[in-house]
Amino acid sequence: VQLAESGGGLVQAGDSVRLSCVVSGLIFESYAVGWFRQASGMARECVATISQTGDWTNYLDSVKGRFTISRDNSKNTVYLQIDAMKPEDTADYFCAARWGIATLTPRVYEYWGQGTHVAVST
């Protein structure tokens, strides 16, 4: 099983970025997927999660309105759109998949990608 994130880099405050997570090695439409971030010295937190069919999503309260998670099951890909980026969004961003309901709890996710770094400058 592989999860490969892409789309990170250096952006300016106020910009938008779209992260992608391509999943292989499992039946993609059977897995919920979450996006997580980990800032330097901080715990990893789930910022968004999406159900297997994409009809249900949930977000960390602090990112609601700026983050949008979506998926394309025909491409085995999950996206995270981040708008109006802030310096505090600087972090490593990871995607992860789990067999079961979509949840914001990191420890229940089974498969993880290596992450992509996003740095937001002022």
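Excluded from the calculations below are hydrogen atoms, water molecules and symmetry mates; all remaining heavy atoms, backbone and side chain alike, are included. Just so it is clear, the model here is predicted, and its values are computed rather than measured.
For the residue pair P106 and W112, the shortest heavy atom distance occurs at O-CZ2, 3.4 Å. The shortest non-hydrogen separation linking T90 to A39 is O-CB, 3.8 Å. The two atoms that bring C46 and A48 nearest to each other are SG-O, 3.4 Å, heavy atoms only. Listed here is the closest heavy atom pair of I69 and V78: CG1-CG1, 3.8 Å. Of all heavy-atom pairs between P87 and T122, the closest is CG-CG2, 3.4 Å. Across all their heavy atoms, R37 and F67 have their closest contact at NH1-CZ, 3.7 Å.
Rounding to the nearest 0.5 Å places OH of Y93 at 12.0 Å from CD of Q38. Summarising the geometry, atom OG1 belonging to T68 is positioned 10.0 Å from atom CD1 belonging to I50; distances are rounded to the nearest 0.5 Å. Between the CD atom in E29 and the OG atom in S51 there is a gap of 12.5 Å [rounded to 0.5 Å]. Interatomic distance, K75 NZ to S20 OG, rounded to the nearest 0.5 Å: 9.5 Å. In this structure, the separation between CG on L26 and CD on E110 is 9.0 Å, given to the nearest 0.5 Å. Taking OG1 of T116 as the start and CG of L80 as the end, the distance is 11.0 Å to the nearest 0.5 Å.
Ring orientation note: the planes of F36 and Y109 are nearly perpendicular, at an angle over 60° on the 30°/60° scale. Using bins of under 30°, 30° to 60° and over 60° for the plane-to-plane angle, the ring pair Y31/W99 lands in the perpendicular bin.
Using modelled atom types, no side-chain atom of S62 and backbone atom of L60 make a donor-acceptor pair closer than 3.5 Å. Remark: the backbone N or O of R107 is not paired with any side-chain donor or acceptor of T105 at under 3.5 angstrom. Remark: the backbone N or O of F28 is not paired with any side-chain donor or acceptor of N76 at under 3.5 angstrom. In this structure a side-chain-to-backbone donor-acceptor pair under 3.5 Å is present from R66 to A84. With hydrogens and angles ignored, the 3.5 Å screen pairs no side-chain donor or acceptor of E5 with any backbone N or O of F94.
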| Between D61 and Y59, does a side-chain contact (heavy atoms from CB on, under 4.5 Å) hold up when you go through it step by step? | CA-CA 6 Å; D61 283 346; Y59 297 89; over 6 Å; no
*Start with the C-alpha gap between W35 and C21, add the side-chain angles, then the distance that decides, and say whether side-chain contact (heavy atoms from CB on, under 4.5 Å) holds.*
CA-CA 9 Å; W35 276 101; C21 170; 3.5 Å; yes
Q: In sequence, state the C-alpha distance, the side-chain angles, and the governing distance for Q114 and L3, and then conclude on side-chain contact (heavy atoms from CB on, under 4.5 Å).
A: CA-CA 8 Å; Q114 295 297 308; L3 290 83; over 6 Å; no
side-chain contact (heavy atoms from CB on, under 4.5 Å), that's the test. Do T103 and V108 meet it? Break it down for me. CA-CA 8 Å; T103 174; V108 301; 3.3 Å; yes
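A salt bridge does not link R44 to D92: none of the charged nitrogens lies less than 4.0 Å from a carboxylate oxygen. Between K86 and D89, no side-chain nitrogen of the basic residue sits less than 4.0 Å from a carboxylate oxygen of the acidic one, so the salt-bridge criterion is not met.
Hydrophobic clustering (side-chain heavy atoms under 4.5 Å, transitive across Ile, Leu, Val, Met, Phe, Trp, Tyr) groups L19 together with V63.
Between the side chains of D83 and S16, a donor-acceptor pair is found at a separation under 3.5 Å.
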